[in-house]
Each structure stands twice: as structure tokens, then as C-alpha cells.
Visitor: 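My questions will all concern the structure given below.
Scope of the values below: all heavy atoms of this structure, side chains included, with no hydrogens, waters or symmetry mates. The chains referred to below are lettered A, B, ... by the order of the sequence lines, with proteins before strands, and numbering in each begins at 1.
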Number of protein chains: 2
Amino acid sequence: MIRTLAVVGTGLIGTSVALAAARRGVTVHLLDTDAAALRTAELLGAGTARPAAEPVDLAVLAVPPSKVADVLSEQQRRGLALGYTDVASVKAGPEREVLARAPRPAHFIGGHPLAGRERSGPLAARADLFRDRTWVLTPSRLTSKRVFDRALELIALCGGVPMVMRSSAHDETVAITSHAPHLMASLVAARLGGRPPVTALLAGQGFRDATRIARGEARLWTDIIETNAAEIAGVLTALESDLGRLLTAMRDLSARDPRNRVRSRADLTDLLERGVAALEALPAPASGPLAAGTARVGVTIADRPGELARLLGTAAGYGAGPDTVTAPVAPHTPDGPLVIRFELAAAEADTLVEKLAAAGWAAVRENDAPGTSPALAAARG
Amino acid sequence: MIRTLAVVGTGLIGTSVALAAARRGVTVHLLDTDAAALRTAELLGAGTARPAAEPVDLAVLAVPPSKVADVLSEQQRRGLALGYTDVASVKAGPEREVLARAPRPAHFIGGHPLAGRERSGPLAARADLFRDRTWVLTPSRLTSKRVFDRALELIALCGGVPMVMRSSAHDETVAITSHAPHLMASLVAARLGGRPPVTALLAGQGFRDATRIARGEARLWTDIIETNAAEIAGVLTALESDLGRLLTAMRDLSARDPRNRVRSRADLTDLLERGVAALEALPAPASGPLAAGTARVGVTIADRPGELARLLGTAAGYGAGPDTVTAPVAPHTPDGPLVIRFELAAAEADTLVEKLAAAGWAAVRENDAPGTSPALAAARG
């Protein structure tokens, strides 16, 4: 059992781990070369800056990927902890370095919690940052069962969902899901540079969402991307080729050459549809209403102007917000009764039916859907 | 004054315009070839599907860009309205077509409200969708003063912020801020296709935000992108060239060739920093706390573990959430008192000071900052 924890690096991730552990009664020792960050974390209640009297049960190295092996080696020599893990978003390079030069590589297991915010530093930390988030562990060929178990315990303390992968498979995957998207967003954002100020006024919510990841701290991200350069270069090469094909289609469309028009338009639609399909196949976020078993509630409404607005307002008051309405309305006959469907967590469906019935609506619970799986989400999309 | 409005196309945007106008007492007539969408909008209280007895004051054509000139011509022949505007996100092509073949091009003004959601259809509509959002008007060389004034009135009814541009400048700009980002997000999303399901589990919030725009309906977006193909091709050509340079740097970094390493790393950091700088120069969203004049509130806190957490919790209860904390904490001396600063709407600052003081904190209102402008936001970044 983890009774004592050390966190090396009190940035966003390290401080959030410390807060989560401290709230579960673990004694947390904080270390950082940045005195202001360390003090802030301490004042947040994340732990104490005093050194531990004896080796702690587990140390979390919350440092950039290129620093993991060095910090591990240094702390193992000092005897900071019995076991070590890290939280860097690149795993293969640091693992190679750990195996090559850490004093006790068996006492280390790579880790990567899939959580983050565009804000950085301890003030952005939250004890629930990892709740229901994937937390990857990448044991090396030398990793001991003991440190593996301690890391699983840490993930449980933080409310995360453990997942075990080889470090190489991890890095190949995050190159696609995180690092290449970050760089593409940086390229898109950088195109604003030097444009007249009016450009910014035409950058709406879509642009802000699409480029949010590119707000990440440039030095940290240089480190991350450099450490995973080979995998990222592979993804970018594929994207360059996809972009080349798209550009051919766009030039044909802008040349208004009727010969290539039909094919170019089909190529464009195909790309857009593949994007939509890939996104709809993503599992619903674990904290969303579809994460557990889902149920459908159907409500028949009267044909009066404003009636639908009144229903949506009432339902929202009982946890069935607009995003739980499943589909555009399509009455069977032009004058047939209109049925609106809400899809929400099975546990909430009965309450909704009861509350809507009490408010005068004809509401019924329909078939339940099983727990969400990627396949189900794809089928639903 | 607009007393009667027609909305042609009861999708997300059309229904939202109708809802906003109906709530301000305007009589709204709804038209759509999709009977289910039309009925849904009516049931939402957005207006009536009955035709108007005489021409309405203004008609809003909420149809895809390639349909604007045809729908305008048809409705002008039928005498639907005295003036017309549209909401399409491409302006130059439709304007050319309107000038070439609409019966009364002087009675039309192009419009584009910068608002949208990834959900579509009337059920996603909201009366406040345009509140504080930029709404571009693109008068043609023939547009009458009368229809221009009516469009300004409509924007005021919807709570939007009017902005006048040439249609060509609009299209050049949205190619950068909307259309090319959409396509880049589609390319990134499409890379997930065919990957093992584990890939999706490593797609975190950053990936979801970055690709959200790519969830837009593929047929509508094919229409939009095709209508602005020439401008988009220009932006994509520049992005292809930027991507080529980045890829060279990534290949150098992955080859671990020490000769090019320093330069390649500098190129990578430069791209990331240019992205961050461009994003920080964006004006704060109009509805954010920094939109009006801002004030700073400084709070001195005692050096006790958890004290900062307690302050943040208290302040959040009075509207000063974590995002209003302005900077990492940097005490002047290792043992000096720690001052935390909140930056929030000037109107809220006095209340915060009062409430914090009542709760026992040493809180003072510091200098006020003037109203936000892009330049100020840039300086702040």
C-alpha cells in the first residue's frame, strides 16, 4: 500500500497527482528546483517540501521526457524511493535511457496519464484531473512486479483507468493522437501571424478549439516532440501525402475545370466523411452520460408552437440537457404525434420519466442500450 | 424597423436567428423544404410555417453558399420580402452570382454570423447563439442603404457585433480562420481510420478539441469549401510548404545527426512559439471576464499548507474562478508574504474584495486595466 509518495516536479501534472494522493491520506513529499512552484504546490495542500526521513513507497517523476533518465538516476542514488514511475508523454526513448544507465532499472515503470489542460503550472492543478482518464503503463523487460503494483495503486488513488502497452506502441499511437495534431494546430495557428487584426475577429470558437493544444508551453513541447521525432516524422509524412492529394482536388475545384470537377468534389467529400467517421467511432468520454449503460426516454408532444421548447426546458431541469436529444425530429405522418427521444444514463431515466409525467408529459422509458463500446459508438454515429 | 421576418432554411443558424427575433416580438415566417425541420422549428417557438400575407421586412436565407443566388432569385420573383440577407460562410462567389442573375440585387446584402456548433439542425438552435459574436456584412456595389440598415437591425436583435468587409477580404480571411483549419482537422481525424481500437483510448481531450470542427456535416462543408476553393488552395499551399520545412526538421531530429540537431530543434521551437504567439494575440472571447474593463484584486495569504486552496475555493464562490488567477506565484523573497492576483471584470472587483475581506482575507483592489482591445490582449499575452 502506498503510504508515502514523492512527486518530483510540481507543475500541472505533478501537483495534480500530489493533490489526489494527499486527499486520500497519503503523505506526499514535494520536490522542485523552482522554489515558487514548490511553495505554491505546498500552499495548495499538495504535500510538504520537507524531505522524507526514509525512502518513500513510490516517487512520481513529473519532468520532461528528456530528463526522466537523469532524474531517476540521481534520485535512485539518493535513495528517494523504493519504486519510481514517470508521467512523460513519450515512453520509448526514456525507457532506453533508463535501461542503459539508471542504477536500478527494475524499480522503474514508465507511465503516462492522458490528461492535461492548456494552462500549466501548479495553480492549474486539480485533484480530479485524472478521474476516468486513461493512464498508460509501459513496463520494460526489467520492470519488477512490485513497482508495477505500486503504479496501479497510484492510478487507483487518482481515479484513472490503467492501460498497459509496450513503450514503442504507445509512442506510435500518441504520435497520431497527440503530437502530430499538436504540430498541425501550430501550423494552422502560425498562419495568423502577421495578418491584419481583423483576421482575429473572424477566428471563432471552431478556430479556438482547433488550435487550443497549440497553446502548450513551447519548450516543454519541443522536448516531447524531439523525443518522439521518428514516430512523428512518419505520421507527418502520411499527412503531407494526404494534404498533397487534397491540394490537387482544391486546385481542380478552383480552376473550375469541369473535367475534373466531379472527381475532385468526390475526393473532398470522401476526406470530410472519413474524418467524421473516425471521430464518431471514438468512444464517448468516460464522464459523459453515455459512458455507463444508456436508456432512451420517448416523449410524445402536442402540436402547439413552443411546446418543444417547453419540454426541452423541463427536461434540462432534470439532467437531460439538449445534448441528450438523440436525433432530428421526423414525424411518421405530417400530422402524426411527434415523439422526442432523450438518450441518457440508464440510472437517470426513471427519474426523468417520473418528473416529466408529473409535469404533464406522456413520457415512457424505451429499450435500454448496453454499455458503450467503441463499436457501439460507431454504430450509433 | 423589422416587424416581420422570413427565415428560409430552419437548420441550426436559421432557427437560431428565428428564435432570437421571435423573442424580441418580431413575427417570423419559417420556410424549409424539409417538413420535419420546419415543424421542429415551429414547435420550438421560432415562428410560424404559415406564409406571410404581404412581403416581410427582411428575409434571411439560411441555405448553403451554392444555393444563395438561386433561392434569392426564386424568392424575389415570389415577392417574399422587401430586403434579403444570407448567413453563408462564403461570400464572394454567391455575390457574383447574385449580381449576375438575381432580379433585384440591390435588395440583397451578404451576411455571415461567426457562430456555430458541431451539432446541426433546429434542435441545436439557441436564441443566444449570436450574442457578442462577430457578424460580417458584405455589401455589394449595388446593395441599397435600406437593406443594409435592415441587416444591421437584425444583428442588433440577435445581440451580434456587426462588421463590414468586402466579400473577397472575408473569403480570404475565413479560408485561414475556418476552412483550412477544418480541412487540416479532417486530415488529422482521418488518420485514426483503420487503426486498432486502442488508438481511440489514447485520444484525449486535446485531440477531441482539435478535431471538433471536422465533425461538421460533410455535404454542407463540401459545398462551403468548393465555393471558396481558390482562397483555400492558397492557404493550403502555404501550409504544405510550412509542413515540408517542419518535416525536414523532424527527420533531422529522428536521424539524430548532431550536425543538424541544433538548427532543427530551433526550427521546431520557432514554429511552436509562433503558434503560441498568434493564439495569445487573439482577443479574449467577448463573453469572457476580460471583455469589459478589467480590474485586479490582490490577496495576501498566510504561509500555511492548504491556505491557497482555501482562497481559490472562496474566490470561486464569488465569480473569480481559477481562470481569473493571472500568473504563477512568485514571492519576492523566499519567506516574504505571498500575493495572489485575480483579474476580473471591473464591475465584479469590489464585490470580490468585500466578500474576501468578510471571510478574513487581506484583499485589495489594485489598478484597473482599460477595456480590452486586440492590442491590449496581445500585450497581455
Visitor: CZ/B:F207 to CD1/A:I213 distance, rounded to the nearest 0.5 angstrom?
Guide: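 It is 9.0 Å, given to the nearest 0.5 Å.
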Visitor: By a 4.5 Å heavy-atom criterion (distance strictly below it), what part of A:H112 contacts chain B: side chain, backbone, both, or neither?
Guide: neither
Visitor: Quick one: which of B:M165, B:H170, B:R219, B:E240 has the most heavy-atom pairs under 4.5 Å with chain A, could you say?
Guide: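 Maximum pair count with chain A is reached by B:E240.
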Visitor: Passes side chain to side chain contact (heavy atoms under 4.5 Å, CB included), A:M163 versus B:L202? Steps please.
Guide: CA-CA 10 Å; A:M163 190 169 146; B:L202 268 68; 3.3 Å; yes
Visitor: If only atom types and distance count, is the side chain of B:S186 paired as donor or acceptor with the main-chain N or O of A:G275 below 3.5 Å?
Guide: no
Visitor: Examine the side chains of A:T237 and B:R251 and answer whether a donor and an acceptor come within less than 3.5 Å of each other.
Guide: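 Side chains of A:T237 and B:R251: pair found under 3.5 Å.
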Visitor: Which atoms of A:A238 come close to chain B, meaning under 4.5 Å heavy atom to heavy atom: side chain ones, backbone ones, both, or neither?
Guide: both
Visitor: Do you know the tightest heavy-atom contact between B:G193 and A:A278?
Guide: N-CB, 4.2 Å
Visitor: Heavy-atom pairs under 4.5 Å with chain A - which of B:A277, B:A185, B:A218 has more of them than the others?
Guide: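 Option with the greatest count: B:A218.
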Visitor: Looking only at the side chains, is there a donor atom on one of A:T173 and B:T199 sitting less than 3.5 Å from an acceptor on the other?
Guide: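 Not at all, the side chains of A:T173 and B:T199 share no donor-acceptor pair under 3.5 Å.
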Visitor: Is A:L246 close to chain B through its backbone or its side chain, or both, or neither, when contacts mean heavy atoms under 4.5 Å?
Guide: side chain
Visitor: In Å, rounded to the nearest 0.5 Å, how long is the span from CZ of B:R274 to CG of A:L192?
Guide: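 The CZ atom of B:R274 sits 12.0 Å away from the CG atom of A:L192.
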Visitor: Could you have a look at A:R195, A:R126, A:E42 and say which one has the most heavy-atom pairs with chain B under 4.5 angstrom?
Guide: A:R195
Visitor: For residues A:A203 and B:T177, report the shortest heavy-atom separation together with the two atoms involved.
Guide: CA-CB, 3.9 Å
Visitor: If you count heavy-atom pairs under 4.5 Å between each of B:A230, B:G204, B:A210 and chain A, which one has the most?
Guide: B:A210
Visitor: Do side-chain atoms of A:T134 reach the backbone of B:L201 as a donor and acceptor pair under 3.5 angstrom?
Guide: yes
Visitor: Can you tell me how far CG of A:L44 sits from CG of B:L312, rounded to the nearest 0.5 angstrom?
Guide: 6.0 Å
Visitor: State the CG-CG distance between B:L123 and A:L308, to the nearest 0.5 angstrom.
Guide: 5.5 Å
Visitor: Which heavy atom in B:L268 sits nearest to a heavy atom in A:E226, and how many Å separate them?
Guide: CD2-N, 4.3 Å
Visitor: Among A:L183, A:D270, A:L19, A:I232, who wins on heavy-atom pairs under 4.5 Å with chain B?
Guide: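 Counting heavy-atom pairs under 4.5 Å, the top option is A:L183.
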Visitor: Measuring from atom CG of B:L187 to atom CG of A:L272, what distance do you get when rounded to the nearest 0.5 angstrom?
Guide: 9.0 Å
Visitor: Out of B:G45, B:S264, B:A233, B:G194, return the one with the most heavy atom pairs under 4.5 angstrom to chain A.
Guide: B:A233
Visitor: Side chain from CB out, backbone as N, CA, C, O: work out which of these in A:V198 comes under 4.5 Å of a heavy atom of chain B, or both, or neither.
Guide: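 For A:V198, backbone and side chain are both near chain B.
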Visitor: Strictly below 4.0 Å, N to O, side chains only: are B:D209 and A:R208 in salt-bridge contact?
Guide: no
Visitor: What residue in A:A214, A:G244, A:A249, A:G206 has the most heavy-atom pairs under 4.5 Å with chain B?
Guide: A:A214
Visitor: Count the heavy-atom pairs under 4.5 Å between each of B:L279, B:V276, B:T222 and chain A, then report the option with the highest count.
Guide: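 Looking at each option in turn, the highest pair count goes to B:L279.
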Visitor: With a 4.5 Å cut-off on heavy-atom pairs, point out which of A:L114, A:V136, A:D242 contacts chain B the most.
Guide: A:D242
Visitor: If you round to the nearest 0.5 Å, how far is CD1 of A:I176 from CZ of B:R191?
Guide: 7.5 Å
Visitor: Pair B:I225, A:L253 - check side chain to side chain contact (heavy atoms under 4.5 Å, CB included), show working.
Guide: CA-CA 9 Å; B:I225 287 164; A:L253 288 171; 5.7 Å; no
